[in-house]
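Report on one structure; see the data block that follows.
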Amino acid sequence: MAPAAARQGGSLCRTACRQLLFGLLVLSLFCEACKKVTFNVPSKLEAGTLVGRVNLKECLKSAEHISSSDPDFRILEDGSLYTTNIISLSSEEKTFTILLKDIQRHEEKKIHVNLIAHQKKTHKTRHTRDTVLRRTKRRWAPIPSSMMENSLGPFPLQIQQVQSDTAQNYTIYYSATGPGIDRDPKGLFYVERETGNVFATGPVDREQYPEFKIIFYATTADGYSPERPLLHTIKIEDDNDNIPCFTQDFFEFVVPEHCKAGTVVGKVTAEDRDEPYTLHTELRYRIVSEQPPLPKMFFVHPESGVITTLIPQLDREIIGKHMLLMEVRDMAGQSFGLCNTGTVVVNIGDINDNAPYFGHSSYEIQVLENRVNVEILRIPCLDKDEPNSPAWNCRFSIVKGNEDNHFAITTDGRTNEGVLCVVKGLDYEITNLRILEIAASNEIPYAVVPYSSALAQSTCTVRVIVLDDDEGPVFKPCLLPITIDGCMTVGTVVGKYLAEDPETGNSEGISYRIAPGQSNWITIDENSGELRTAKLFDNDMTGRQCNITVFAVDQSGKTGTGTVLVTVGACNNYYPIVTPTDFIMCRDRKPVYITAVTPNESPYSAPFRFDISDRSMGSGWQTTQQDDKSIFLSARNDIPFGIYNIPINVRDNSGRQGTSMVTVNYCDCTTPSDCGISRQAFPAVTLGVWAILAMILGSLLLLLILITLCGCYGTGAVSKHEPDDLANQNLIISNTEAPGEEVMDPNIIPLQAATVNSCDQGVGMGTIGHEVKTGGQSFEMSKGGHQTLESVRGYGQATMEQGRYSYSEWQNFMHSRLGEKVYMCRQDEENKHSEDYVLPYNYEGRGSLAGSVGCCSDQQEEEVLDFLDQLEPKFRTLAETCVKR
């Protein structure tokens, strides 16, 4: 298609002839519409080709059913006839029928369609032109058309012309369908049939119809369409005829008080119906006015419409709402642009910048004792923040005086008052005044805002005066749990449940009984409150529980109630025992760790209580509790080496007890593994019979000398005697049997040690506690308790000085020690124990603090020597020889 100015017109005569022939053909077709319609078409038609248009309304105005007898063709409601497949007309003519039906009127019409393959015109001499007509590229595509919105005319206003190149070969008639032609808005456009000029009949609103898509047809007089239908768009150019409008009648935003400058408050939006992305829709915003007008609090971004704060001085308690008058203007805000206004409401949101406080600093209230779950006081709380907000709602707490949880305080959400209640009964006998300190806070933390400081928590004091009330007995505890062994017999005492008079604090004059209708598992003694089993329990009752209500009635008839929770336990016939029972304790006397076990379950299990059942053993041994199941057993003082059988009594949590015999081998060893093993560090030293005999004789000789000294001490005046030589302190062995000199002064007899030579062992033994040499080696004779001769002499001197010990006590002490050591040496075949008494030494240690036995010569006559009168008969003769007659 091309504009008419670019076309070269034919002669006027040729054009007139073609129009006349076309008109005659159309008249002939309309006259034969219900009988036969003929179309001249090419011999080959592509699928979807428009064959022509048939006027259906001329034949049947209200056709509800339209169909074609040939499936290669389809007919539309507007009469357009299209091919559905590729058609090749082998002959020069093809005939089919179009069937029209009116179902309501029961009418049928048939239209016979005859297709004739047209021939080339013989009068044409320009064969090159025919070749051009067969090309696929034709000028049937005008440039897009446009029309100004709200155009003022004059109308009809030509806006475009369409034309087909096939008009050089055919007489072409133009027509159009679509919006503005035969669809709403109908009649807005039309096309001239002969020229293809397109005209508008009136103004158009772009916002209603931004464009029109119209289909143009180019057909010959006989209905043939040499061109495909043309879809042409007529665009309506925008005119700034619409005022921008806000999307809401008014905007409402919330911003917290005391927020920082630049905080986003909200965003306003507006719309313009004009064409987008043009100056007609480029909007700008500004704040026209604020209420209150000063100071200016807000700013709006001109392009985005985002409102922000200017200063951080918004205070809800001063001004809670701000009103803004907003303007929006198109044309990028230029003065000639269209504008509109809107309203913005900015509500100041509350924060907790005001702490709650009490109207009074103290309150006083009275309450009867034993009242439970009663309201005793309402405490009002004041807050300047927004009512019924988290910053206004108060939360109360008792910060002091409610350690036993007798009181509780809640908040009345309607009045914001603190409601103080007694949740546990108060006891006048315990205290008649309770002082509570109550604090108030909000649901959210206090916010420290600019130009303010942190506030202390508001508190008030409540004095609760407890009034006395005569009350009934009270069980302590109110719920008593007990466990009954499933093996218990009827009448076994399982516990005691007592109540006391709150006024007096004792249980005198109170009787007990079980409430009617209770389980018959236990009974309670009316006077003592003892609980006893009332039946035998089967194995299948293990683990079952029962609540039994018990009444306590005092002499005035007032009643108290308590509950016994009875649990049937497993049948526990086992007692706790100690395992293991054999232990070794070395010379360091490290405590023995003893553990008890039992197969029973709670309460017939841990914690265990341990004690030594034999009191005689308890004087030498002691126990220290380690945990619920074990103890440490240790010696109280120095004890001789040996094996000790200690009865340990173990009591479980329910009171069941059992006794286990614990054997402790107190052994002279470094580690328990050394006990019973021969020493390998030094050569073995064996004490033979002669050595043992020498030890016994030496001890007896020492005792004899002590007795002799004590007998001579009480005869006369005391005079000092200083030995001339240290060697004089030893007894010299002599074969002289002549009698000695008469002893005149008993104090001049020095205390000497015995020297016994043992030829069998080759061991020379000197004074006990001094060196004993054998083969160049030295041995220490004392062991265990370090009972050296020096300590013995010191001990003897202290005894003589105080006058409290007799000779028999000395004899018992020495004989028991010597007998024990001789017995241990006799039992040891490997002579292991001899190593304990004859050992090498380099350091003898300190001497006894009591000094030498020779100090007895310094005693005066006033010293008490009555113990010498208690000597046994066999020593009296020796004593008499020492006494001056």
Side-chain angles (χ1 to χ4, degrees), residues 1-2 7 10 14-15 17-26 28-30 32-33 35-56 68-76 78-98 111-141 162-177 193-194 196 215-231:
M1 181 162 308
R7 291 273 305 165
R14 181 182 298 175
T15 300
C17 292
R18 288 180 179 177
Q19 292 179 355
L20 179 60
L21 290 174
F22 181 76
L24 294 176
L25 179 59
V26 171
S28 173
L29 290 175
F30 286 155
E32 301 293 336
K35 296 181 180 180
K36 187 176 182 180
V37 176
T38 302
F39 294 102
N40 292 321
V41 296
S43 60
K44 185 175 181 180
L45 299 174
E46 298 291 335
T49 301
L50 177 62
V51 177
R53 182 179 297 174
V54 181
N55 193 343
L56 304 179
S68 172
S69 62
D70 192 339
D72 292 333
F73 299 89
R74 64 186 179 92
I75 183 72
L76 302 182
D78 61 353
S80 298
L81 182 63
Y82 289 89
T83 59
T84 58
N85 298 307
I86 298 176
I87 304 299
S88 296
L89 301 179
S90 57
S91 61
E92 294 183 358
E93 186 176 349
K94 183 176 180 62
T95 303
F96 61 93
T97 303
I98 298 175
I111 300 175
H112 299 281
V113 178
N114 188 23
L115 300 181
I116 300 174
H118 63 77
Q119 302 294 329
K120 294 181 180 180
K121 296 183 179 181
T122 57
H123 64 275
K124 290 289 185 178
T125 58
R126 296 180 62 184
H127 300 289
T128 57
R129 194 63 177 173
D130 296 337
T131 304
V132 173
L133 293 176
R134 287 194 298 268
R135 294 176 60 188
T136 57
K137 184 176 180 181
R138 294 173 181 172
R139 301 180 64 190
W140 178 239
V162 294
Q163 197 171 22
S164 174
D165 289 343
T166 58
Q168 298 178 2
N169 301 324
Y170 304 96
T171 300
I172 300 298
Y173 296 96
Y174 301 96
S175 61
T177 61
R193 189 166 181 267
E194 291 82 8
I215 300 176
F216 290 94
Y217 301 94
T219 59
T220 59
D222 57 0
Y224 170 67
S225 298
E227 296 278 8
R228 289 177 178 271
L230 174 65
L231 178 62

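Shown here are the side chain to side chain contact (heavy atoms under 4.5 Å, CB included) partners of S68, two or more places apart in sequence or in another chain: D70, F73, F96. Every side chain to side chain contact (heavy atoms under 4.5 Å, CB included) that I215 has, sequence neighbours left out, goes to T177, Y217, P229, L231. Legend: residues meeting side-chain hydrogen bond (donor to acceptor under 3.5 Å, both in side chains) with S175, ordered by chain and number and at least two apart, are absent.
Remark: side-chain polar atoms of T84 are not paired, donor with acceptor, to backbone N or O of G48 under 3.5 angstrom. Looking at T83, its side chain never comes within 3.5 Å of a backbone N or O of L45 through a donor-acceptor pair. Judged by distance alone, the side chain of T220 and the main-chain N or O of T171 form no donor-acceptor pair under 3.5 Å.
Taking both residues in full, the closest heavy atoms of L50 and S225 are given as CD2-OG, 3.4 Å, listed atom of the first, atom of the second, then distance. Closest approach of L76 and L56 over heavy atoms only: O-CD1, 3.8 Å. The shortest non-hydrogen separation linking A167 to Y174 is CB-OH, 4.5 Å. Here the closest non-hydrogen pair linking F39 and V54 is CZ-CG2, 3.8 Å.
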| Working for side-chain contact (heavy atoms from CB on, under 4.5 Å), residues V41 and Y224 | CA-CA 6 Å; V41 296; Y224 170 67; 4.2 Å; yes
| said: Under the criterion side-chain contact (heavy atoms from CB on, under 4.5 Å), I'd like the reasoning laid out for Y170 against S164: C-alpha separation, chi angles, the key distance, then a yes or no. | reply: CA-CA 10 Å; Y170 304 96; S164 174; over 6 Å; no
| request: Show the numbers, then the answer: is there a side-chain contact (heavy atoms from CB on, under 4.5 Å) between V37 and N114? | output: CA-CA 6 Å; V37 176; N114 188 23; over 6 Å; no
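Atom CD of residue E227 and atom OG1 of residue T219 lie 11.5 Å apart, to the nearest 0.5 angstrom. Atom CG of D222 and atom OG1 of T38 lie 9.0 Å apart (nearest 0.5 Å). Interatomic distance, I111 CD1 to I98 CD1, rounded to the nearest 0.5 Å: 5.5 Å. One distance of note links CZ of F216 with CD of Q163; it measures 13.0 Å at 0.5 Å rounding. Atom OG of S80 and atom CZ of R53 lie 4.5 Å apart (nearest 0.5 Å). Between the CD1 atom in I87 and the NZ atom in K94 there is a gap of 6.0 Å [rounded to 0.5 Å].
Remark: R193 is positioned above the aromatic ring of Y173, its terminal NZ or CZ atom under 6.0 angstrom from the ring centre and at most 45 degrees off the axis.
Contact annotation: the side chain of T97 never approaches that of V113 to less than 4.5 Å [non-hydrogen atoms, C-beta and beyond]. I172 is listed as a side-chain neighbour of P226, based on a closest heavy-atom distance under 4.5 Å.
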